[in-house]
S.K.: 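Please find one structure pasted underneath; my questions will follow.
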Number of protein chains: 2
Amino acid sequence: MFVVDAHRLAREVGLGGRINTIMQTCFFELAGLLPREEALARIRESVRRSYARSGEDTVRRNLAAVDAALSHLHEVRIPDRATSPRSRLPVVPAEAPDFVQRVTAAMLAGHGDDLPVSAFPVDGTWPVGTSRWEKRGIARELPVWEPALCIQCNKCALLCPHAAIRAKVVPPEALEGAPEGFRTTAYEGRDFRGWSYALQVAPDDCTGCALCVAVCPAHDKQEPSRKALRMEPAAALREGERPNWDFFLGLPDPPRETVRLDVKGSQWLEPLFEFSGACSGCGETPYLKLLTQLFGDRLLVANATGCSSIFGGNLPTTPWCANREGRGPAWSNSLFEDNAEFGFGFRLAVDSLAGQAAQLLVRLSPHVGEALARAILETEARSEAEVAAQRERVAELKRRLRGAELPEARRLERIADWLVRKTVWIVGGDGWAYDIGFGGLDHVLSTGRDVNVLVLDTEVYSNTGGQQSKATPLGAAAKFAVTGKRTPKKDLGLMAMSYGHVYVAQVALGAKDAQTVRALVEAETYRGPSLVIAYCPCVAHGYELVHGTEQQKLAVDSGIWPLYRFDPRRAEAGQPPLVLDSPAPRVPVEGFLRREGRFRAVGEAGPEAARRFVEATRKIVERRAAILQHLAKLSVASPPTRGSVERPGRVRAGA
Amino acid sequence: MFVVDAHRLAREVGLGGRINTIMQTCFFELAGLLPREEALARIRESVRRSYARSGEDTVRRNLAAVDAALSHLHEVRIPDRATSPRSRLPVVPAEAPDFVQRVTAAMLAGHGDDLPVSAFPVDGTWPVGTSRWEKRGIARELPVWEPALCIQCNKCALLCPHAAIRAKVVPPEALEGAPEGFRTTAYEGRDFRGWSYALQVAPDDCTGCALCVAVCPAHDKQEPSRKALRMEPAAALREGERPNWDFFLGLPDPPRETVRLDVKGSQWLEPLFEFSGACSGCGETPYLKLLTQLFGDRLLVANATGCSSIFGGNLPTTPWCANREGRGPAWSNSLFEDNAEFGFGFRLAVDSLAGQAAQLLVRLSPHVGEALARAILETEARSEAEVAAQRERVAELKRRLRGAELPEARRLERIADWLVRKTVWIVGGDGWAYDIGFGGLDHVLSTGRDVNVLVLDTEVYSNTGGQQSKATPLGAAAKFAVTGKRTPKKDLGLMAMSYGHVYVAQVALGAKDAQTVRALVEAETYRGPSLVIAYCPCVAHGYELVHGTEQQKLAVDSGIWPLYRFDPRRAEAGQPPLVLDSPAPRVPVEGFLRREGRFRAVGEAGPEAARRFVEATRKIVERRAAILQHLAKLSVASPPTRGSVERPGRVRAGA
């Protein structure tokens, strides 16, 4: 067995986290495919060719890595028998629940094949919230909080792809019994006066992507490179932070109905999506986490095949979880080609159950009280406060039903919870939404029913290995388009707007977080189909994802990713339905393009090709901006529908 | 056996061609399900209920039909043996080709099961142009031409769904040996001075739909109800017209390259789609026939499942046929869900073969002559004259190749015809284009390749029995929407325009024929994907199809079916790509809606519902007009593509 501390060497020669050149050199040394000197010569030649475009400095650093690699490679002789007094830690901690101990742990340990069929749930449902027992501890560095510099904006928690850094605002009495190292500071907002603010890292769940540091806007005025968050080696921190994390989890959350659904407020709400197996720095997961914070346990998610179905339902553990009351989002994944239809079925099922409950309630209203029945049937429940009030009414209804002897009372007891409004979200990537599932997505949008669609747009088939999709921009290299895609990105938002009755938004969390939060809330409260297209940085884009938020800002500012919201409710009010949320292009597209590996293939065809590519992208950007600006001036009524549109969110008597 | 001359009785009581009430009465009489008086009473009651909305007059006529039906029902006693000296006519005429005699005739006679497998072509291709041997003779009336009133506009021939009335312009010498009854008149155009004009009906192939008469704009000034065409009983005409038709078919056609591709000129071109089994008065077939006239034997058609695949490939006969040289369109039908992809494959195959031929030609140019090779490789062949010139060059190439001994010359000889530009058309109904095949259609349009899409939009799944599609307008009754569709028609054209590189037109042949012809020619010559959405009256709309052109005019004038052309070439020239070809709505929508049975279901829900429906339709029309007018003001460049777009029509050396 041989070992090499490649990360350390990479840091030393100035390659940051990139260890590929070092590992390649070691591989050829150990594999013995070529004589050592020939192998080294060829690797050096390959380094010069591969990194020429990235500049002399990069070439020099990589050559230094090649030179030093073999002196860092050490053989470890394996003794005949183990002599260490230490033994391996258990796969999951002792406090993990029974199912996790019996089933999840066995699968994590690689013994899944030994599990009997009887170990699995009989109805196909799978216990959720199990990613928290993995305790992968893969971060080499963890963020460290500097309360004195913090401005309490909660952007770190919002952008964290793994729900591994969280903020809370708590009353003073909640802090009794805090571990010694647990840090808080006085909360500065007007809403929770006199409370404390805590920011806490999950030391075993953080992946060390450092996006929280990158997005942190709080600087030391004397020393601007000092931020309220900085990365420090994990080994020295992990042990000390564990009790802090456990204590943090036990702190109370403010009641949902008291929280404002904005960037800061959303982070007081418990995430019900945590510690997924997505790539470190993933651009998709923050949107999903935010959905669970905004809409909590009322969420039903139909997930298309793709990255989000893999990290969302990644046996043996699942990142979707339940809140303290044991309630959480319902989640399932169907096929690539039918996810919109699958989620549409959720909507029909919810409406059918709510309709049945409403009919029973009408019949039983003499027994349970006319006033209560009427209040339940007439609520709109569009705000968190209304939802909370409806929950209380339904709880009261169930109490009153308990006394009734009628068989219909038993039935209503079982389905009364459906009288609380649910929110159906259809989630998937661009491969699903723009390509394989587009026919079904278009059909579901056409129906006018109240479903919400979230497209996690990485502009490429990420999970299946980087094939081009119709969302891939012109010039980006992808499988089936290795020299760069020849046609521009399809305009899915414009197509959906053609219906007039569809709420459509294009968002980029890292560029304008407030607009993202607003769009998701507007989509959810709109009584009809909604489509939110979300820009997601991805490892397939070819850059370190710690720069994901900067790239999102450049995409928006250059006009490559315009932000907008098309809301049919504005048309009803006599205003243009389309509102642009980003300015006209104000920085050159080159700034965005040259930072991403996916666009470099075009440059390899020579400077003339690169120039034409930049020019073409600029024209696409100008054209799209002109179209959106023109449409934003158009004030037309929303298309009428025959009779009143069904409003499944509002349960009506006899519906 | 019983017989009833129901058509005669229907005419006598003023029911026109509607025999359902008469046949129903006879059925109950013969079936004996109910005592006669009870059956009659119930039929009368049903008549009063069913026709109440159509007015007292209709009720009265139908009741008269019930009263008279049984006195027109006669029993025919079948004798023990046949005594007539006449025998049945052969299934197909004696001059039909061998395959038709052996195979088609057997299938037409209902003896297809007796045919051995060896009777069928081994490679799956099927002889075309066989509908002409059916000689169905189903018309009860035939159009009669009045040359003195005729203005030679050719609209009758253009609109005829069955290619059963045709116009020709011929030099005087061609008329030698004409049958006695063959009628011509002096041609009045400037293009073929001194020639004669002939209009001829195919007496055994006409279905008697009378659309030719309906569309005829030529009136007698003294007696305006007299037109240049009128319907007369077929029995007295058929025998006399047969030799005229045969003589007409033998007359020469003007060379394609001398013909102007406009409404009148298109009808000098031989239709290669004739006598299909489509419904009498079908609104789809005139578009297909026109395609074959405009683009002739260069046409490759991928046909989606639907009416057009059934009447287009309706065993045992096919309406698609070859020209005098034995060349005709290639046609095939794949599935409902993949037709755009299927036709896209045609494009790829054509480009591959043309590319191979071009490469061989480059290599062989020293043998066949540099000048000829260059001329062949550099032609654009966008006009009929250029195509004709290319055909001659390729013929010359093949002559020169015959002398060459090289194996490559043999290969080029076999594939040289692919150097003449082909035109790929992807054809289907709205069920395919808006619904089941939309995902694939969108994908093919996105590629930027040179395919042409013709959507035969009947606004309903016609062939499968009248289910609603996303093309069905709000309020129209269809299966799955029996009380009228709740959402407006999807705007397929607007969606395709979102690409910017797609030519998009919306047409209605019966409303503005010149715009249809222009759109088809523009689509064909555009070097990229084209989408032409064609309004097609259909029996499923619930009115007599002889009124199909009037309804198309009302649809256009009321704004229900706006006409437009979106041409990316105009954007390249700095003009707005979208041009509106119909005026702002200028007649009320009610005029259109009340004439079609599909919209009557809404009225059955009461006058208030009907009023709301008309109001909703009016709003949809105003909204759509406002959007189109707004977009017609937008002047943006077409989206660029990386490098030069492939131009498969133009074969380039080494392509």
Side-chain angles (χ1 to χ4, degrees), chain A residues 337 434-443 446-448 470 474-475 481 483-501 571 602 605 609 612-613 615-620 622-627 630-631 633-643 645-646, chain B residues 337 434-443 445-448 470 474-475 481 483-488 490-501 571 602 605 609 612-613 615-620 622-627 630-631 633-643 645-646:
Chain A
E337 64 272 28
Y434 286 71
D435 283 6
I436 296 178
F438 175 59
L441 173 59
D442 170 67
H443 192 80
S446 83
T447 64
K470 287 200 282 297
L474 179 126
T483 60
K485 185 158 164 265
R486 296 183 155 269
T487 49
K489 183 183 179 83
K490 161 174 166 175
D491 202 328
L492 180 63
L494 212 52
M495 287 183 166
M497 280 182 228
S498 75
Y499 280 107
H501 67 243
V602 182
R612 272 191 291 143
F613 163 53
E615 182 61 13
T617 301
R618 200 181 53 73
K619 279 190 182 151
I620 289 169
E622 283 171 5
R623 180 174 183 278
R624 203 188 291 125
I627 291 171
H630 190 69
L631 290 178
K633 287 180 208 139
L634 178 62
S635 187
V636 286
S638 291
T641 52
R642 214 188 116 238
V645 179
E646 297 94 329
Chain B
E337 63 272 29
Y434 286 70
D435 283 6
I436 295 178
F438 175 60
L441 172 59
D442 170 67
H443 192 80
L445 293 179
S446 83
T447 65
K470 287 199 281 298
L474 179 127
T483 61
K485 185 157 164 267
R486 293 181 158 269
T487 50
K490 161 175 167 175
D491 202 328
L492 180 62
L494 212 53
M495 287 183 167
M497 280 182 228
S498 75
Y499 280 107
H501 67 243
V602 182
R612 270 191 294 145
F613 162 53
E615 182 60 13
T617 301
R618 199 179 55 70
K619 278 189 182 152
I620 289 169
E622 284 171 4
R623 181 174 182 277
R624 203 187 292 125
I627 291 170
H630 191 67
L631 289 178
K633 286 181 207 137
L634 178 62
S635 187
V636 285
S638 291
T641 53
R642 214 189 116 236
V645 179
E646 296 94 329

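In what follows, chains are A, B, ... by sequence order, proteins preceding strands, each numbered from 1.
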S.K.: Taking every heavy-atom pair that is under 4.5 Å apart, which of B:Asp435, B:Thr617, B:Leu634 has the most such pairs with chain A?
M.R.: B:Leu634

S.K.: Suppose we screen for side-chain hydrogen bond (donor to acceptor under 3.5 Å, both in side chains). Which residues come up paired with B:His501, at least two apart in sequence or across chains?
M.R.: none

S.K.: Top residue by heavy-atom pair count (under 4.5 Å) with chain A, among B:Arg623, B:Met497, B:Lys633, B:Arg624?
M.R.: B:Arg623

S.K.: What option among A:Pro639, A:Ser635, A:Gly439 has the most heavy-atom pairs under 4.5 Å with chain B?
M.R.: A:Pro639

S.K.: Do B:Tyr434 and A:Asp442 have side-chain N/O donor and acceptor atoms under 3.5 Å apart?
M.R.: no

S.K.: Measure distances from B:Lys490 to the heavy atoms of chain A and classify the residue's part below 4.5 Å as side chain, backbone, both or neither.
M.R.: both

S.K.: Identify which of A:Gly440, A:Ser446, A:Gly437, A:Pro488 forms the greatest number of heavy-atom pairs closer than 4.5 Å to chain B.
M.R.: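 Heavy-atom pairs under 4.5 Å are most numerous for A:Ser446.
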
S.K.: Can you name the nearest heavy-atom pair linking B:Ala637 to B:Ala571, along with the distance?
M.R.: C-CB, 4.2 Å

S.K.: Go through it in stages, so that I can follow the logic: the residues are A:Thr487 and B:Tyr499, the test is side chain to side chain contact (heavy atoms under 4.5 Å, CB included), and I'd like the CA-CA distance, side-chain angles, deciding distance and then a yes or no.
M.R.: CA-CA 10 Å; A:Thr487 49; B:Tyr499 280 107; over 6 Å; no

S.K.: For A:Glu622, which residues count as a side-chain contact (heavy atoms from CB on, under 4.5 Å) partner, sequence neighbours excluded?
M.R.: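 Here the qualifying residues are A:Arg618.
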
S.K.: Measure B:Ala626 against the heavy atoms of chain A and call it side chain, backbone, both or neither at under 4.5 Å.
M.R.: both

S.K.: Would you mind checking which part of B:Ile627 comes under 4.5 Å of any heavy atom in chain A, side chain (CB onward), backbone (N, CA, C, O), both or neither?
M.R.: both

S.K.: If you define the side chain from C-beta out and look only at heavy atoms, does anything of B:Phe438 sit under 4.5 Å from B:Lys470?
M.R.: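 Counting from C-beta outward, B:Phe438 and B:Lys470 never come under 4.5 Å.
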
S.K.: Looking only at heavy atoms and a cut-off of under 4.5 Å, which of A:Lys619, A:Met495, A:Lys489, A:His630 has the most pairs with chain B?
M.R.: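 With the most close heavy-atom pairs to chain B, the winner is A:His630.
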
